[in-house]
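If you're wondering where the values come from, they're calculated on a predicted model, not measured in any experiment.
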Amino acid sequence: MNLSIEYYKRHDEKFIMPTNDGLCFFNEYKRPAFICHTSTNPKTHNICYRCGHKDSLIVLEVFSPHRDAVFQQITHQHIHPDGDILEEMLKFGTLTPVSFGCNEKLDTWLWKFFLFHNRLRRAKSWIKWKEEQEECPEPLDTYNEMTFCAKHYPKVYNEYYGMYQKLISGRKYLLYE
Amino acid sequence: MKYPSWSEVNVPNDLVHSIKLSGQGYFIDSLVYQLLFFAKRKAVYGYSCGHCDFRWKPERSYEEINSCQKCHSPRIYCNSIQYRFSKQVPQYSKICAWEDIIAQYEINHFTHFGAHPKENYIDVGWDKEGYAYAQIEGGERVNDFSQRVCLLKAFVLCPYLWDNNVIDMSAILYNFNE
């Protein structure tokens, strides 16, 4: 049982506790904008190999989608375990944390996060295919796009799945509704 | 008995069509594993110790590793990730193993609808052109040269099997290219 998820089910709080191997998802004006990953320092190092920080605090790293890569790292910093992740993330803009009721909503969010700046959106065959599609509700619309991408652009889909697999393993922050 | 449609279980028609056209291979097998036997793909991490070179794989993927299990050194590295299915799926490559697949399908049908399928719910045969055809009640009609592959696809292309929380659509589409 994940205690942080169980805590949030019972309390309506406006802060997010940092934990080890946690993922928190944020929207900016209803668009998937940032993924916040928290982790503890690797036990093999006395200081953080990335920034040279000596105290064993919680590492906070923020990712946003990128046009030429799957995602880019916006920041790497250390916060106290008693800190508030929501307060740290508000420095990047008007963000709202996202809660997922099921895995399908998580898949939909991650796909839109990956696709937002990806060059695939400007491919002619993609644009033509999107114009021919009828509107359908989520997550069927997302699964349609993923199927088309897996069939016609397998390398792009493999990039998405590589990102998906790395992120799904750390899911302590999935704030289920 | 009312069976759901593909749009009701959020499966794209493009994917259904691709499964019908796909040949024998890992993709069909992985669908049988996930949809019939509910075997999920899980990541298995391999760790090694930088001090005594002891290697091990923790049983739980979310287990926190702080030190080596042998020498308790904190110098540990995560060096390999493998994706396996969480359950042992019975071998169905031999003809006699079809009983396992049929039994599992009937269990799934009872779990989902609360009733057993009809007596003649499997329609199997040969077309005039030499293709084998198969259709499970409530599912798609499938044609293929090989009767074995045709039957596997027919078992997989039942919409109600896709209506569960075990399905990982991203992984299914990744297997599509393997």
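Within 6.0 Å of atom NE2 in His51(B), 12 or fewer heavy atoms from other residues, nucleotides or ligands are found, so the atom counts as exposed in its surroundings. Within a 6.0 Å radius of NZ in Lys130(A), other residues, nucleotides and ligands contribute more than 12 heavy atoms. In this structure, Phe145(B) places its CZ atom where only 12 or fewer heavy-atom neighbours from other residues, nucleotides or ligands lie under 6.0 Å away. The local environment of NE2 in His17(B) is sparse, with at most 12 non-hydrogen atoms from other residues, nucleotides or ligands closer than 6.0 Å. Counting non-hydrogen atoms of other residues, nucleotides and ligands closer than 6.0 Å to CG of Asn120(B) gives a total of 12 or fewer.
For a residue to count as touching a neighbouring chain, one of its non-hydrogen atoms must lie under 4.5 Å from one of that chain's; by this rule Ser7(B) touches chain A with backbone and side chain alike.
Neither Phe110(B) nor Tyr105(B) shares a network with the other; the hydrophobic side chains, linked directly or stepwise wherever heavy atoms of I, L, V, M, F, W or Y lie under 4.5 Å apart, form separate groups for each.
Interatomic distance, Leu15(B) CG to Asn144(A) CG, rounded to the nearest 0.5 Å: 9.5 Å. Note: Asp14(B) CG to Glu145(A) CD = 12.5 Å, rounded to the nearest 0.5 Å. The distance from atom CE of Met169(B) to atom OG1 of Thr142(A), rounded to the nearest 0.5 Å, is 11.0 Å.
Exactly one of Leu110(A), Asp107(A), Leu106(A) qualifies for a side-chain contact (heavy atoms from CB on, under 4.5 Å) with Ser170(B). That residue is Asp107(A).
Counting heavy atoms from C-beta on, the side chains of Val11(B) and Tyr143(A) never come closer than 4.5 Å.
Listed here is the closest heavy atom pair of Ala150(A) and Leu173(B): CB-O, 4.0 Å.
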